[in-house]
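Following: one structure in structure tokens, then a few remarks.
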Amino acid sequence: MHVVFVAAEMVPFSKAGGLADVVGSLSAALVRARHKVTVVLPLVAGIDPEAFSLARRLLPVEVALGGKTHRIEIFEGRLASGVEVRVLRNEEMFERDAIYTDDADEPLRWGLLCKAALFLLAHDGEAVDVVHSHDWHTALIPYYLAHGVVSSPNLEAAASILTIHNLHHQGVFGSEMIDPLELDRSRFVPEGFEFYGKLNVLKAGLVTADGVTTVSPAYAREILEPEMGVGLDGVLRALPEGVAGILNGVDVDVWDPSTDMRLEARYDASDLSGKAACKRSLQEDLGLPERERTPLVGLIARLVPQKGVDLLLSIAPRLLRSDVQLAVLGTGDQGLESGLERLASRYPDKVAFHKVFEERLSHRFYAGCDLLAMPSRFEPCGLSQLIAMRYGTVPVVRHTGGLADTVVDLDRDLETGNGFVFGRIDAVELLGALLRGLASYSSEQEWTGLVRRLLGTDVSWDRSARRYLALYQARGGATRAAP
Ligand code: GLC
């Protein structure tokens, strides 16, 4: 099959969150399964085409949208994984201060990406079996395909798949955006893209895509209910083919403690001394006392309400009565950032807050910590708990979404299960789970057995990549092209 991803961000080019990891690692997994994969993404500020050896096509393309003709340069290349990439450059529209903005023309920026991507595919002279888009930013791809806004023999048999990575981001705008985005006004109805009197871009994609997926089976069920459906549960329930929940994997070549050169030392289940060395060097980096038997709890996240950082803040003074250290890595909401700063200055020998978003450092956190806290209010999949397990770091999570699918509560003897799980969005329940973790940590032998067991967790893409391929086939990719 020829599968095309269109996405706002992708590792190694750009990243605001887990979406970039998934686009990077799932595309590579599909190539390993012997399919052709092309990823189309925007050249956002910070991507240097030369650093990735991308070649610029001689002829730019011109794409009309919103009453204006946009000139788009195409950079192309092939990653070591075999994934083909097409990076689209339009300085004015794509290169802003951040990948996502609150600028008035935000819907046009992503509408342009969608139309330009389809335009490119239409003229590239190669048939496409599946166009797979991700989140609202590329949700107009299925809409434009279904409405023939861009059409070509190459795209005739293409199945459109739309994956929800986070239902909270829907792209809701005033109805004055309908015409600039070349949407059909007659579809501004509840069965179409109308949403409480506004335009909902994600909804436009959901009701026109051949297949809709999300990133874990539990989240696929949760978003069908009003409590977690963010206003779209009814739309999702009405989809004829339903919502498939396919768990994310991680890139196991990048995230491998036995080969990871970003770490102080490497380790595997047969010899854990490297993990102890990673802990020591992380404590040193963070300015925390180097104490081998003090449990080190990590939190690595975008600091937003979704991640439940406020829950951790509210119980921190009680947690810190125990012999424990807390290390936080991430940036985000100002209120949460300053709360963490205050905590770190109040407990300088117990709490360290690194207010950065840095991939390299995150490896050292995953390896050096003993426990990883993820008290998420909701979590479509979550990648951190998977990476933590692979680094022998025990997750402490709320039972929600992908966390519920991947973390099973440990029993007393630490023999079954792989983490500490709590149920309700409640700081005291989080405290309980963390204290259970600290207590278990003191049984050194059982804990070591647990860490060894976690290091063997399969978090690769293999199974999930097969599920995507089966879905592509079922929704028309390849079969429609067959005689
Ligand atoms: C979003 C979700 C996260 C998921 C990621 C990749 O960032 O919040 O749970 O793992 O997308 O699908």
Side-chain angles (χ1 to χ4, degrees), residues 5-11 14-30 39 41 98-100 132-139 161-171 202 212-223 228-230 232 243-252 254-255 299-309 329-333 336 357 359 362 366 372-390 395 397-407 419 425 459-461 463-465 467-468 471:
F5 280 21
V6 187
E9 45 178 299
M10 177 196 193
V11 164
S14 52
K15 172 166 168 171
L19 169 63
D21 295 295
V22 169
V23 171
S25 54
L26 173 58
S27 57
L30 295 173
V39 181
L41 68 155
I99 302 178
Y100 309 110
H132 188 162
S133 18
H134 301 267
D135 280 349
W136 80 263
H137 314 99
T138 53
I161 303 292
L162 173 57
T163 294
I164 302 165
H165 294 263
N166 188 337
L167 192 59
H168 280 253
H169 304 298
Q170 300 180 359
L202 180 66
V212 173
T213 79
T214 189
V215 288
S216 71
Y219 194 62
R221 287 188 301 273
E222 289 167 357
I223 56 180
M228 298 280 267
V230 207
L232 285 178
V243 181
I246 306 179
L247 209 56
N248 286 336
V250 305
D251 185 330
V252 291
V254 171
W255 300 103
L299 183 115
I300 305 167
R302 283 176 291 123
L303 304 175
V304 293
Q306 174 193 348
K307 301 292 178 180
V309 187
L329 177 67
T331 59
D333 293 1
L336 294 170
F357 175 57
E359 191 86 358
S362 78
Y366 285 116
L372 181 90
M374 281 185 87
S376 303
R377 291 197 153 70
F378 66 93
E379 196 61 78
C381 177
L383 300 171
S384 298
Q385 82 279 19
L386 303 176
I387 298 170
M389 290 191 249
R390 192 153 161 81
V397 308
R398 192 173 94 73
H399 188 81
T400 184
L403 299 174
D405 283 325
T406 54
V407 184
I425 304 177
V459 298
S460 73
W461 268 106
R463 254 184 58 188
S464 295
R467 287 205 56 201
Y468 276 111
L471 180 88

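We count ligands from 1, going down the list as the structure has it; atoms in each ligand are counted the same way. Reckoned from all heavy atoms, side chains included, excluding hydrogens, waters and symmetry mates.
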Salt bridge flag under 4.0 Å for residues Arg398 and Glu379:
no
Assess, by modelled atom type and distance only, whether the side chains of Thr400 and Tyr219 contain a donor and an acceptor separated by less than 3.5 Å.
no
Closest approach of any protein heavy atom to atom 3 (C) of ligand 1, naming residue and atom
Glu379 OE2, 3.4 Å
For Gly382, the ligand 1 atoms with a heavy-atom partner under 4.0 Å come out as 3 (C), 4 (C), 9 (O), 10 (O)
Heavy atoms of Met10 and Ser27 approach each other most closely as CE-OG, 3.8 Å
Would you name the heavy atoms of Met374 and Gly382 that are closest together and state the gap between them?
CE-CA, 4.3 Å
Nearest non-hydrogen protein atom to atom 8 (O) of ligand 1, with distance, is Gln306 NE2, 3.2 Å
Ligand-side contact atoms (ligand 1) for residue partner Arg302, heavy atom cut-off under 4.0 Å
7 (O), 8 (O)
Evaluate Lys307 for polar contact with ligand 1, using N/O atom pairs at a separation under 3.5 Å.
no
For His137 and Tyr100, run ring-ring contact (aromatic ring centres under 6.0 Å, His included): C-alpha distance rounded to whole Å, both residues' side-chain angles, the deciding distance at 0.1 Å, then the answer.
CA-CA 9 Å; His137 314 99; Tyr100 309 110; 4.5 Å; yes
Only heavy atoms of Val22, strictly under 4.0 Å: list the atoms of ligand 1 that pass.
6 (C), 12 (O)
On a heavy-atom basis, which atom in Gly229 and which in Leu167 lie closest, and how many Å separate them?
O-CD2, 3.3 Å
Anything under 30° is parallel, anything over 60° is perpendicular, the rest tilted; go ahead and classify Tyr468 against Trp461.
tilted
Atom indices of ligand 1 within 4.0 angstrom of Asn248 heavy atoms, with elements:
6 (C), 10 (O), 12 (O)
Determine whether the side chain, the backbone, both or neither of Asp21 has a heavy atom under 4.0 Å from any heavy atom of ligand 1.
neither
From His169, Gln385, His165 - option closest to atom 2 (C) of ligand 1 by heavy atom:
His165
